[in-house]
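Throughout, numbering of the chain's residues begins at 1 and tracks the sequence. Counting convention: from 1, in listed order, for ligands and their atoms alike.
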Amino acid sequence: MNSVVIVAAGKGKRMNSNINKQYIKLKNKEIIAYTIDIFDKNENIDEIVVVIRKEEEFFVKQVINKYKFNKNVKIAYGGSERQDSVYNGIKEVDLNCDIVLIHDGARPFVTDEIINNSIKETKKNKAVVVGVPVKDTIKVIDDNNIIKNTPQRKYLWAVQTPQVFEYKLIKKAYEKAFEENYYGTDDATLVENLGYNVKMIMGSYKNIKITTKEDINFGEEILRMR
Ligand SMILES: Nc1ccn([C@@H]2O[C@H](COP(=O)(O)OP(=O)(O)OP(=O)(O)O)[C@@H](O)[C@H]2O)c(=O)n1
Ligand SMILES: C[C@](O)(CO)[C@H](O)COP(=O)(O)O
């Protein structure tokens with residue numbers, strides 16, 4: 001079976017809004033509702049775990065009741081970093097799970113094609129992330145803003161979610177990270193830290209993470225183009 005852990009327990013500080021960004025509406029529907037909906041309708045997903053801030057349980061339950069998803073939506077509580085939240089979600093996943101998809105609640109434009117490809121690739125490669133080739137030249141700078149080097153662009157991809165793994169592998173990677181107090185900014189980093197290869201596959205330039213106010217406008221534009 002395949003389970004998805006949707007993390008929605010961040011504070012959304014960069015959004016600078018009085019409600020958590022996941023509950024902001026795009027075209028009259030909450031961001032988190034779009035995200036849950038796509039996994040709810042996908043036939044390759046058997047279980048949904050949403051990780052939330054305990055104090056926002058009321059909003060999440062409202063969303064779950066309002067949209068009447070077909071699948072049961074399990075709730076877990078988040079921690080102070082994204083990594084803590086993901087780990088709490090993984091611990092709630094059914095023990096019969098084969099593959100776990102980890103997805104940001106704030107990425108509502110993920111598609112069935114991305115989800116299905118990532119599951120298919122994980123059956124071959126055990127650890128897969130989706131991303132897109134960067135379009136700009138990327139510079140590495142020092143603390144004084146002096147450019148130190150310019151990596152070759154053909155090797156640079158911006159990573160997105162879902163990040164998809166064999167359940168046993170990601171559980172082991174998270175356990176090791178917590179033993180070592182090792183924090184990464186995505187899930188793949190923890191698997192890399194175990195010494196495993198993680199495969200990058202094509203995501204989409206529309207699979208954005210809603211992070212700042214401009215992303216709300218961009219999100220509405222994406223919905224208009226659908
Ligand atoms: N402690 C945390 C931090 C983040 N997230 C989730 O991880 C995803 C990606 O994180 P990001 O967009 O950076 O969200 P925030 O941490 O909420 O944003 P900010 O850094 O602006 O506060 C989001 O769906 C967010 O809710 C989480 O579940 N638990
Ligand atoms: C996992 C992620 O969405 C991949 O781009 C990203 O790393 C989350 O990072 P953030 O620090 O929570 O914005």
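When hydrogens are left out, the protein atom nearest atom 3 (O) of ligand 2 is D104 OD2, 2.6 Å; that is the closest non-hydrogen contact. Nearest non-hydrogen protein atom to atom 13 (O) of ligand 2 is K209 NZ, 2.9 Å. Here the heavy atom of the protein found nearest to atom 4 (C) of ligand 2 is V159 O, 3.4 Å. In terms of protein heavy-atom proximity, atom 12 (O) of ligand 2 is nearest to R82 CD, 4.0 Å.
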> Would V60 and I64 count as a side-chain contact (heavy atoms from CB on, under 4.5 Å) if you check the C-alpha gap in whole Å, the side-chain angles of each, and the deciding distance to 0.1 Å?
Replying inline: CA-CA 6 Å; V60 182; I64 293 172; 3.8 Å; yes
> Going through the checks in order, is the side-chain contact (heavy atoms from CB on, under 4.5 Å) test met by K206 and F218?
Replying inline: CA-CA 9 Å; K206 291 183 189 156; F218 188 30; 5.6 Å; no
> Checking side-chain contact (heavy atoms from CB on, under 4.5 Å) for the pair K66/E30: CA distance, chi angles, key distance, verdict?
Replying inline: CA-CA 11 Å; K66 185 165 154 191; E30 298 80 357; 3.0 Å; yes
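Test K209, R82, Q163 against D104 for side-chain hydrogen bond (donor to acceptor under 3.5 Å, both in side chains) and you get one pass: R82. A salt bridge (Lys or Arg N to Asp or Glu O under 4.0 Å) with E166 is found for one member of K126, K124, K123 and no other, namely K126.
Between Y34 and F109, the ring-plane angle classifies as tilted under the 30° and 60° cut-offs.
The part of A8 lying near ligand 1 is the backbone, judged by heavy-atom distances below 4.0 Å.
For ligand 1, the polar-atom distance check finds an N/O of S80 within less than 3.5 Å of one of the ligand's N/O atoms. For ligand 1, none of its N or O atoms has an N or O atom of I210 under 3.5 Å away. Residue contacts with ligand 2: Q160 is placed with no nitrogen or oxygen under 3.5 Å of a nitrogen or oxygen of the ligand (distance criterion only). Close N/O approach between V51 and ligand 1 is not found [any backbone or side-chain N/O within under 3.5 Å].
Put simply, the side chain of K71 gets close to the backbone of F39: a donor and an acceptor are under 3.5 Å apart.
Under the 4.0 angstrom criterion for non-hydrogen atoms, K21 is in contact with ligand 1. Heavy atoms of G79 come nearer than 4.0 angstrom to ligand 1 in at least one pair.
Every atom of ligand 2 with a heavy atom of R14 under 4.0 Å away is listed here by number and element: 13 (O). In the vicinity of T185, heavy-atom distances shorter than 4.0 Å reach the ligand 2 atoms 1 (C), 6 (C), 7 (O), 8 (C), 9 (O). In the vicinity of D186, heavy-atom distances shorter than 4.0 Å reach the ligand 2 atoms 1 (C). Interface of R107 with ligand 2, defined as ligand atoms under 4.0 Å from a residue heavy atom, comprises 2 (C), 3 (O), 4 (C), 5 (O).
Minimum interatomic distance between G219 and I208 (heavy atoms only, all atoms of both residues): N-CD1, 4.4 Å.
By the neighbour-count criterion of 12 heavy atoms within 6.0 Å, atom NZ of K172 is sparsely surrounded, having that number or fewer from other residues, nucleotides or ligands. Heavy atoms from other residues, nucleotides or ligands lying under 6.0 Å from NZ of K120 number 12 at most.
Between atom 17 (O) of ligand 1 and the options P108, G12, G89, the minimum heavy-atom separation is to G12. Across R82, R107, K209, heavy-atom proximity to atom 7 (O) of ligand 1 is greatest for R82. With D84, I6, V7 as candidates, the residue nearest to atom 6 (C) of ligand 1 on a non-hydrogen basis is V7.
There is a path of hydrophobic side-chain contacts, each under 4.5 Å, that joins M15 to V63.
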